[in-house]
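Take a look at the structure set out below.
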2 protein chains.
Amino acid sequence: MDQAGERREPTMRDVAALAKVSTKTVSRVINGLPGAGQEVVDRVRAAARTLGYRPNLTASSLRRSDRRSATIGVLFEDLSNPFDSALLRAVEDRARQGGVLVLAGSSEDDRTLQGELLVSLAARRVDGVVVMAAGGHQDALQQERERGTPMVLVDRPPTFGSTDCVTTTNRDSSREAVLQLAALGHRDIAFLGDRRTLWTSQERYTGYLEGLAQAGLTLREELVRTDLHGADLAETATNTLLDLDRPPTALFTAQNLVTVGSMRVLRARGLQRRIALIGFDDFPLADMLEPGITVVRQDVPGIGRKAAELIFARIDGDTSPPVHAVVPAALVRRGSGEIAPSAD
Amino acid sequence: MDQAGERREPTMRDVAALAKVSTKTVSRVINGLPGAGQEVVDRVRAAARTLGYRPNLTASSLRRSDRRSATIGVLFEDLSNPFDSALLRAVEDRARQGGVLVLAGSSEDDRTLQGELLVSLAARRVDGVVVMAAGGHQDALQQERERGTPMVLVDRPPTFGSTDCVTTTNRDSSREAVLQLAALGHRDIAFLGDRRTLWTSQERYTGYLEGLAQAGLTLREELVRTDLHGADLAETATNTLLDLDRPPTALFTAQNLVTVGSMRVLRARGLQRRIALIGFDDFPLADMLEPGITVVRQDVPGIGRKAAELIFARIDGDTSPPVHAVVPAALVRRGSGEIAPSAD
DNA sequence: GCCGGTTGCGTCAACGTTGACGTAGGAGGA
DNA sequence: TCCTCCTACGTCAACGTTGACGCAACCGGC
């Protein structure tokens, strides 16, 4: 068993020799193509079983006219992030239905790294890629797209043309969140957001502004904190906000980790039942906290399914105009977003 | 740009023609092999750039003597599970350092599905696989291993020989958790576990038994609930336990979702500060709950790194005897596991 | 008997790349 | 001067598979 590794993988030639037919006939049998009699089919199948033959998809895709590798690439920011991994899972499920496997990579939101991974995927001749574009210029993505690689962007739209993309209702749902807070009587609603280079951050901020405007509230610039990359920065920002002379009575945290950071501070100050909080993006156990955290929940599996659907359609030759699919998010009320401003 | 998709990818032959050299020379230049003069190197590089040539790794690995595809397979239970995705990320990081990409799949703990995915990976001639074995017989894995495919199992050991594996200190850490509860004075400590077919469940149960024995406590069989596959079953089981005439004063929940289910029930009954709880496996926000949840934390990145290290060593021809690496877990005290039995 | 069509195979070359090997020309030594 | 060695290329075949095509045998119809 130890020297098993040295054994050469059997090929069609080996099967052909054993079954006393040509390799072409083996190919026909393996691929279920017509042109082989029942007796020959049986003989070839038996020979393949005996030898433990398994087709070599790389050789096959090299020779086939359609050049399919039955493999797609997925390039997300961080595969260990729950949002990303849920997305990956949804894409994977859909891919499996077509016998397609997924080459997965984390770009760390680094353009250089994303470019390198893209090259790696291209070298393996993947049939298409699903990408969460790294911040900043998308030249590498654009180049790849212009070469003709089927591509779908998720979470963030392309800065170039002719490319499908799937996002959620960042702006509308943010506005809805702010309007709900305003309806409760809040007039000092803070915005805490992620890096401003991210399209999603910008959209959510715009939604915040629209919400304020629609509720007839004036923007207090000192209540806006952005570029909070990670929970630690969010904590600091939250502390600063709460130390203002006229602190906010409600927080809209426009990203996952920011929500966690803010929650931590509210809790540390014992304010979790006095200051309202709505976060963008759901997270596990949000309902188990006290109070439960009201969030805008994205339909992550829905986004993944849509992205997969689009990429496979393109791979199958769909040449209809590019689509920007928007998968609706929903406000999930759990308590923290239903706190009215305190009377003091 | 739209008909760009029809453009054929340039090959070495195209580059060779433009640079007026042979394809072999192009090969030499692309791979940085000696045997090409500076002037020719420059000419070839220029031609490759002009044409936008990119090497075809599938053709290359077909022809090369080492047969490497620079791709490994990762087959976990559910890529959207935080444990699995953290593991994937760790493996991916290590793989990237060697220019290796990862084909990822979810087996859903279904042997049939795992077998099919394994065949898919084999068809793509991956250099090795990292697998979380699905419950029950591991025949498909064993067969693949016996063919010589480098393989590392994670989280659960193989039921067959000659295969590396990486697990955590399931038994020891479980015993430690039970001993801590016993030291606080608990005499009725319940065990709530996942499917008994899982090796980890068995190990954790054994650790529980060892803990009881070491503390001089007698096992009360009615306090042991297993096969709790998912949070819902865990809730039911917890309710049943709490309704006993002599209910447990402490719970040891031997899996993530089981912990969540039990927490939910304790909370619903207002017992979260009266009944002690220690869970196996950490989860996000465990520290934000009230009380914080005491858990046994696995070193997930550590496990992933170790698995990656092993698989790449095997791929590189390491033939030393198979290893069962054990990455230590640690008890993280947050409050729920430090509750003494109530005096009533 | 001849013709056209179908069935059931086989032969050959090619996909893009690289290993084995060949060779021309120059450098260097005896 | 000749022989050897090295450098810098080129030629050829092969990796495992499949598309294009060929061809013999058989069928049915007239």
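Remember, predicted model here, so these are calculated numbers, not experimental data.
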Note: A/R305-A/E309 ion pair, threshold 4.0 Å (strictly below): no

Under 4.0 Å between a side-chain N or O of A/T25 and OP1 or OP2 of C/dC9? no

Nearest nucleotide by nearest heavy atom, which residue falls closer to the 5' end of DNA chain C, A/G35 or A/A59? A/G35

If you take atom types as modelled and just measure distance, does the side chain of B/R63 reach the base of C/dT17 with a donor-acceptor pair under 3.5 Å? no

How many whole angstroms separate atom CG of A/N56 from atom P of C/dC15? 18 Å

Without decimals, in angstroms, what is the distance between A/M12 CE and C/dC9 C1'? 15 Å

Rounded to whole Å, the CG-P distance (A/L33 to D/dT17) equals 14 Å

NA contact type, B/P34, heavy-atom cut-off 4.0 Å: base, sugar-phosphate, or nothing? nothing

From CD1 of B/I30 across to C1' of C/dT17 the rounded distance in Å is 12 Å

To the nearest 0.5 Å, how far apart are CD1 in B/I311 and CG in B/D318? 11.0 Å

Pair B/E9 + A/R125, salt bridge at N-O below 4.0 Å: yes

Smallest heavy-atom separation, B/M132 atom then B/S107 atom, equals O-OG, 4.5 Å

Could you pick out which residue, A/A36 or B/S27, lies toward the 5' side of DNA chain C when each is mapped onto its nearest nucleotide? A/A36

If only side-chain N and O atoms of A/N31 are considered, is one of them under 4.0 Å from the OP1 or OP2 phosphate oxygen of D/dT18? yes

Heavy atoms only, 4.0 Å cut-off, all strands: where does B/V26 land among base, sugar-phosphate and nothing? nothing

B/R13 side-chain N/O to C/dC15 phosphate OP1/OP2 under 4.0 Å: yes

So which one's nearest nucleotide on DNA chain D is more toward 5', B/L62 or A/T23? B/L62

Side-chain-base donor-acceptor pair under 3.5 Å for A/R28 and C/dG10: yes

In whole angstrom, what separates B/K24's NZ from D/dA8's C1'? 13 Å

Pair A/R111 + A/E116: basic N to acidic O under 4.0 Å: no

Quickly work out the B/Y53 OH to C/dG16 P distance and round it to whole Å. 10 Å

Let me know the distance between CZ of B/R67 and P of D/dT17, rounded to the nearest Å. 10 Å

Answer yes or no: does a side-chain N or O of A/S22 lie under 4.0 Å from OP1 or OP2 of C/dC9? no

Figure out the CG/C1' separation between B/L57 and C/dG16, and round it to whole Å. 12 Å

Give a yes/no answer on whether the side chain of B/S60 brings an N or O atom under 4.0 Å of OP1 or OP2 in C/dT18. yes

